[in-house]
2 protein chains.
Amino acid sequence: MGATKTEHFTDEQNAIAILAKAIGHPARVAILEYLLKVDTCICGDIVNELPLAQPTVSQHLKELKNAGLIKGNIEGNAICYCIDENVLSKLKSYFATISDNLEKKKNNCC
Amino acid sequence: MGATKTEHFTDEQNAIAILAKAIGHPARVAILEYLLKVDTCICGDIVNELPLAQPTVSQHLKELKNAGLIKGNIEGNAICYCIDENVLSKLKSYFATISDNLEKKKNNCC
DNA sequence: AATTATTATCGTAATATTGCAATATAATAT
DNA sequence: ATATTATATTGCAATATTACGATAATAATT
């Protein structure tokens with residue numbers, strides 16, 4: 001035991017969980033925010049921005065890519081990473097829906 | 001090694017990461033969605049809704065509570081859990097900001 | 001061809017998460 | 001008081017994550 005029982009949940013639940021899990025580390029939040037900040041997305045310097053060793057950063061980038069949050073293009077020598085707009089738009093509407101529904105209900109029982 | 005280097009990131013980055021991490025498991029996504037669905041929030045039956053044993057569900061609830069996503073009130077014998085509106089509103093605006101900024105930039109380099 | 005720069009992968013240690021059986025706790029009901 | 005119901009905690013095994021040094025892979029530069 002110890003492995004997540006993915007098969008018992010809906011595809012949407014798993015999809016949201018995968019995205020949230022990928023964001024669930026401050027280094028990856030920092031990477032996303034950095035990618036958002038810089039105009040161009042030539043991103044070799046993410047390593048310099050973060051207080052982590054290069055292999056660690058590379059691993060975090062890989063996880064963000066696996067989750068679908070970022071895309072990477074080979075740019076000659078380096079690699080150009082950037083956020084996938086569509087996925088973030090999906091997260092935006094997911095949390096908007098939940099928050100708006102809560103607002104509507106206002107069952108302040110807790 | 002192996003522990004997250006929390007101290008190197010900003011408070012906001014850590015806060016978002018903690019929330020996202022808590023949502024980063026399909027069982028906890030399912031719990032949130034269930035809490036959203038039911039009108040009242042007397043929630044002992046979450047265990048029946050999920051394909052997991054009672055201690056496992058209790059643990060997931062604890063993690064959601066630790067992250068601040070849900071609140072719990074003792075309701076006589078049982079416990080009444082419900083989502084913290086404020087925290088979800090915070091997530092809503094965080095992802096809305098990112099998504100809207102991306103939309104504005106439209107630097108489709110990847 | 002050798003060097004340099006950039007990113008990825010491997011291997012591994014430390015730590016965290018997941019899941020559950022067994023047990024404990026707390027409130028209600030009998 | 002005892003049984004019942006609802007939830008939490010403990011302890012533990014299986015698995016996953018985090019971090020990094022060492023090394024590999026790839027492409028540009030000299």
Side-chain angles (χ1 to χ4, degrees), chain A residues 1-9 13-14 17-31 34-35 40-67 70-82 110, chain B residues 1-9 13-14 17-31 34-35 40-67 70-82 110:
Chain A
M1 281 136 235
T4 295
K5 292 187 151 184
T6 310
E7 67 279 10
H8 294 305
F9 301 97
Q13 284 165 348
N14 282 311
I18 285 171
L19 293 177
K21 189 175 185 178
I23 303 173
H25 190 289
R28 296 194 290 265
V29 173
I31 289 172
Y34 180 74
L35 287 177
T40 116
C41 65
I42 299 121
C43 306
D45 26 35
I46 295 177
V47 173
N48 301 320
E49 281 289 311
L50 295 187
L52 295 169
Q54 180 269 323
T56 308
V57 173
S58 182
Q59 197 176 266
H60 282 306
L61 285 167
K62 192 180 173 187
E63 270 162 71
L64 285 170
K65 200 158 75 174
N66 284 343
I70 64 174
K71 294 177 287 187
N73 268 356
I74 292 160
E75 191 93 346
N77 199 5
I79 280 190
C80 158
Y81 279 115
C82 63
C110 290
Chain B
M1 282 136 234
T4 295
K5 294 187 152 185
T6 311
E7 67 278 10
H8 294 305
F9 302 97
Q13 285 165 348
N14 283 311
I18 284 171
L19 293 178
K21 188 175 186 181
I23 303 173
H25 190 291
R28 296 194 290 265
V29 173
I31 290 172
Y34 180 74
L35 287 177
T40 115
C41 66
I42 298 122
C43 306
D45 25 37
I46 295 177
V47 174
N48 300 320
E49 281 288 310
L50 295 186
L52 295 169
Q54 179 268 324
T56 309
V57 173
S58 181
Q59 196 177 267
H60 282 307
L61 285 167
K62 192 179 173 185
E63 269 162 72
L64 286 170
K65 200 159 74 175
N66 284 343
I70 63 175
K71 294 176 286 187
N73 268 356
I74 293 160
E75 190 95 343
N77 199 5
I79 280 190
C80 157
Y81 278 115
C82 64
C110 290

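Letters A, B, ... are given to chains in the order of the sequence lines, protein chains preceding strands, and every chain is numbered from 1.
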Can you give me the N/O atom pairs linking the protein to nucleotides 1-6 of chain D at distances under 3.5 Å, or say none if there are none?
{"from": "D:dT5", "atom 1": "O2", "to": "B:Asn77", "atom 2": "OD1", "distance (Å)": "3.4"}
{"from": "D:dT5", "atom 1": "O2", "to": "B:Asn77", "atom 2": "ND2", "distance (Å)": "3.4"}

side-chain N/O A:Thr56 vs D:dT18 OP1/OP2, d < 4.0 Å
no

Expressed as a whole number of angstroms, how long is the span from A:Glu7:CD to C:dG19:C1'?
12 Å

Return the nearest nucleotide to the side chain of B:Leu61; candidates are D:dA8, C:dC20, D:dT9.
D:dA8

Under 4.0 angstrom, heavy atoms only, what part of the nucleic acid is B:Leu52 near: base, sugar-phosphate, or nothing?
sugar-phosphate

Within the modelled atom types, does a donor on one side and an acceptor on the other bring the side chain of B:Gln59 and the base of D:dA8 under 3.5 Å apart?
no

Please report, to 0.1 Å, the donor-acceptor pairs under 3.5 Å made by any side chain of residues 24-31 of chain A, with sequence neighbours excluded.
{"from": "A:His25", "atom 1": "ND1", "to": "A:Ala27", "atom 2": "N", "distance (Å)": "3.0"}
{"from": "A:His25", "atom 1": "NE2", "to": "B:Thr4", "atom 2": "OG1", "distance (Å)": "3.4"}
{"from": "A:Arg28", "atom 1": "NE", "to": "A:Ala22", "atom 2": "O", "distance (Å)": "2.5"}
{"from": "A:Arg28", "atom 1": "NH1", "to": "A:His60", "atom 2": "ND1", "distance (Å)": "2.9"}
{"from": "A:Arg28", "atom 1": "NH1", "to": "A:Glu63", "atom 2": "OE1", "distance (Å)": "2.9"}
{"from": "A:Arg28", "atom 1": "NH2", "to": "A:Lys21", "atom 2": "O", "distance (Å)": "3.4"}

Rounded distance (Å) that lies between atom C1' of C:dT18 and atom CD of B:Gln54:
15 Å

Spacing between A:Lys62 atom NZ and D:dA19 atom C1', to the nearest angstrom:
14 Å

Does C:dA8 have OP1 or OP2 sitting under 4.0 Å from an N or O in the side chain of A:Ser58?
yes

Output yes when at least one side-chain N/O atom of A:Tyr81 is less than 4.0 Å from OP1 or OP2 of C:dA8, else no.
yes

Report which part of the nucleic acid A:Glu63 touches: base, sugar-phosphate, or nothing (heavy-atom distance under 4.0 Å, all strands).
sugar-phosphate

Please find the pair of heavy atoms, one from A:Phe9 and one from A:Asn14, that lie closest to each other, and give the distance.
O-ND2, 3.4 Å

Restricting to non-hydrogen atoms, name the atom on B:Ile46 and the atom on B:Val57 that form the minimum distance, rounded to 0.1 Å.
CG2-CG1, 3.9 Å

B:Lys65: what forms a side-chain contact (heavy atoms from CB on, under 4.5 Å) with it, not counting sequence neighbours?
B:Ile70, B:Tyr81

Side chains of B:Tyr34 and B:Leu50 in contact at under 4.5 Å (non-hydrogen atoms):
no

Can you tell me the distance, in whole Å, between the NE2 atom of B:His25 and the P atom of D:dA16?
11 Å

Do A:Glu75 and A:Ile79 touch side chain to side chain, with heavy atoms closer than 4.5 Å?
no

Provide, to the nearest angstrom, the distance between the NE2 atom belonging to A:His8 and the C1' atom belonging to C:dG19.
11 Å

Rounded distance in Å - CD1 (A:Ile70) to C1' (C:dT7)
13 Å

Would you say B:His60 reaches C:dG19's phosphate, i.e. side-chain N/O to OP1/OP2 under 4.0 Å?
yes

Tell me: CD1 of B:Ile74 to P of C:dT28, nearest whole Å?
10 Å

At under 4.0 Å, does any side-chain N or O of A:Lys21 touch on OP1 or OP2 of D:dA16?
no

Want to settle it: does A:Pro55 or A:Arg28 sit nearer the 5' end of DNA chain D, counting the closest nucleotide to each?
A:Arg28

Heavy-atom closest pair (A:Leu19 atom, A:Ala67 atom, distance to 0.1 Å) is CD2-O, 3.3 Å

How many angstroms lie between SG in A:Cys82 and CG in A:Asn73, if you round to the nearest 0.5 Å?
7.0 Å

Whole angstrom is fine here: how far is it from CD in B:Glu75 over to C1' in C:dA26?
15 Å

